[in-house]
Amino acid sequence: MRETRVILTVLTGPLAGHRLCFDGPATCVVGRQPDCELQLPSDEAGVSRRHAAFDFDPPAVRVRDLGGVNGTWVNDRHVGERTDGRETEADLAHDDRVVVGETVLLVSIEAPVGVERALRCACGRIRPATRQHADGVGCGECAQTVRDTPAEFDARAEHGLDAFPGHRIVRVLGAGGMGKVYLALEGATGEQVALKVLLSQVAVDESNRRGFLREMEVAGALEHPNLVRRRVVGNQGRTFWFSMDYCPGGNLADLVQRRGGPLAPEEAVPLIIAALEGLAFMHERGFIHRDLKPQNILLDDPMSRPMLADFGLAKSFEQAGLTGLTVTGSVRGTPHFTPREQVTNYKYVKPVSDVWSMGATLYYLLSGDVPRGSTGVDNPMLRALTTEPTPLVRRAPRIPTPLCEVVDRAVATDPTERFPSARALQRALEAAL
């Protein structure tokens, strides 16, 4: 268990004196709905059903306004309100006050003496973890300069310099919430590999480093034709990297783009059935993916064999205490492909949550849209919390009814109404073909 924790204390309002303590990755939704972890009275003025959400990865904490009637305030700053429905957010520091309706919440960050000293800025505040650095970064109240930036490391890599021992960078393949991915040549064999680079948002000590490398080694021991094989793991300062098999066929999102729209059932369903083989293999060995989406299912040309990538990566980074919130906010699943229980209770995600994400991926392949819709209000997290999936037949009326029924069951909001396992979904899809 981590020694560092974040505490929310209700200072004013109907729940004054109430305290919530978080010592690991978690999400806390504040509002009037019964499923909100901090449920405010139904008659409290200015509070919406699901008003705001706090993301925790101690010592980091962030608040997201979910389109509340009167918005959310941090100290004297207005974070957001119900205008265009866009999600707005703010990183929080020790002693910040968050105002929701009549309720004022105090943020307290508690850490061992050595850790607190590392987190404390020159101005005296314990700074947000998303702006931490071993050499000292300003908390936003004071504009200190970062002396050892990740940009310097990227520049070395992109100019082909020796940033990753035993590998030579060819070009950038892509970038996302977890970091950059490069095409590289393995020095010993000359073979093409994909090299993923992750940046810790907190200072890295020996315990952090060993913890992450150990977690990566455990997950990397999984070998299956439908899992992308990991090869070498390395670390330099706050930067961690690992090489993996290069899949020149791109990912399923790329495939939809190349096709110019949704795939036919006879192409999409076999791809997902094969990917489920890899997912079932993982589940049967105690692993949960946590971030299944079209971009994380790669294709091994020329066979077009689907292979799951990034399995267990976010959990490995978090368990080693390295995330800050750059990873936590984006890789706790992508909201459009994340089941509701993973948004509200990420710590206790189960295999059935991966079933929802795989069902959402197939829904996207067949319809070109996501179950809860991607148009209109631009707030995926609020959609995940409040919107029910649209039956597939409404988005793709030409899809056979038996297949629509299987997909709809896979993306049911209630976990008990879904297929209980990857194997069960796989069998149902085979029967529906």
Side-chain angles (χ1 to χ4, degrees), residues 174 176 225-228 247-280 282 289-311 333-339 342 352-375 380 383-384 387-413 418-419 422-433:
N226 297 108
L227 299 180
V228 175
C247 297
N251 58 52
L252 292 188
D254 297 331
L255 180 61
V256 171
Q257 187 174 15
R258 290 197 298 269
R259 292 287 191 274
L263 306 184
E266 54 267 25
E267 182 175 16
V269 175
L271 287 171
I272 295 301
I273 287 175
L276 283 165
E277 190 67 35
L279 184 62
M282 285 178 54
H289 192 290
R290 298 171 182 262
D291 192 25
L292 283 168
K293 55 188 176 184
Q295 292 83 352
N296 277 343
I297 303 179
L298 308 184
L299 296 172
D300 179 28
D301 266 358
M303 298 169 57
S304 293
R305 172 170 47 117
M307 304 171 71
L308 306 185
D310 284 0
F311 47 91
T334 303
H336 286 316
F337 295 95
T338 303
Q342 188 170 338
V352 72
S353 302
D354 280 347
V355 168
W356 195 97
S357 298
M358 191 66 87
T361 296
L362 178 54
Y363 189 110
Y364 170 77
L365 297 183
L366 293 170
S367 71
D369 204 348
V370 290
R372 294 182 291 246
S374 57
T375 58
R383 281 182 180 269
T387 305
E388 292 298 312
T390 299
L392 178 59
V393 68
R394 295 187 191 172
R395 296 255 172 80
R398 296 182 180 179
I399 302 298
T401 298
L403 179 56
C404 286
E405 291 174 348
V406 171
V407 177
D408 289 342
R409 181 179 171 186
V411 297
T413 298
R418 291 178 214 149
F419 295 98
R423 291 284 183 207
L425 174 56
Q426 187 183 48
R427 289 193 293 268
L429 288 173
E430 289 170 345
L433 273 180

Six-ring centre of Tyr363, Arg395 cation under 6.0 angstrom, axis tolerance 45°: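 No, cation not above the ring by the 6.0 Å, 45° rule.
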Rounded at 0.5 Å granularity, tell me how far [atom1] in [X] sits from [atom2] in [Y].
X      : Y      : atom1 : atom2 : result
Leu279 : Leu425 : CG    : CG    : 9.0 Å
Leu429 : Ile272 : CG    : CD1   : 8.0 Å
Met282 : Leu308 : CE    : CG    : 6.5 Å
Ile297 : Leu252 : CD1   : CG    : 5.0 Å
Leu298 : Asp310 : CG    : CG    : 8.0 Å
Leu292 : Gln342 : CG    : CD    : 9.0 Å

I'd like to check [X] versus [Y] (side-chain heavy atoms, cut-off strictly below 4.5 Å). Are they in contact?
X      : Y      : result
Met358 : Val355 : no
Leu433 : Leu403 : no
Pro265 : Ile399 : yes
Thr390 : Asp369 : no

Okay, side chain of [X], backbone of [Y]: is any donor-acceptor separation there less than 3.5 Å?
X      : Y      : answer
Arg418 : Thr413 : yes
Ser357 : Phe337 : yes
Asn226 : Leu276 : no
Asp254 : Asn251 : yes
Gln426 : Ile273 : yes
Asp354 : His289 : yes
Trp356 : Pro339 : no

If I compare all heavy atoms of [X] with all of [Y], which pair ends up nearest, and what's the gap?
X      : Y      : result
Leu362 : Ala268 : CD1-CB, 4.0 Å
Pro262 : Gly368 : CG-N, 3.7 Å
Val411 : Pro371 : CG1-CG, 4.1 Å

Arg398 atom CZ, neighbour heavy-atom count above 12 within 6.0 Å: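 12 or below, so no.
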Whether over 12 other heavy atoms sit under 6.0 Å from Gln257 CD: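 It does not: Gln257 CD has 12 such atoms or fewer within range.
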Ion pair Arg305/Glu277, N-O distance below 4.0 Å: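 Salt bridge: no.
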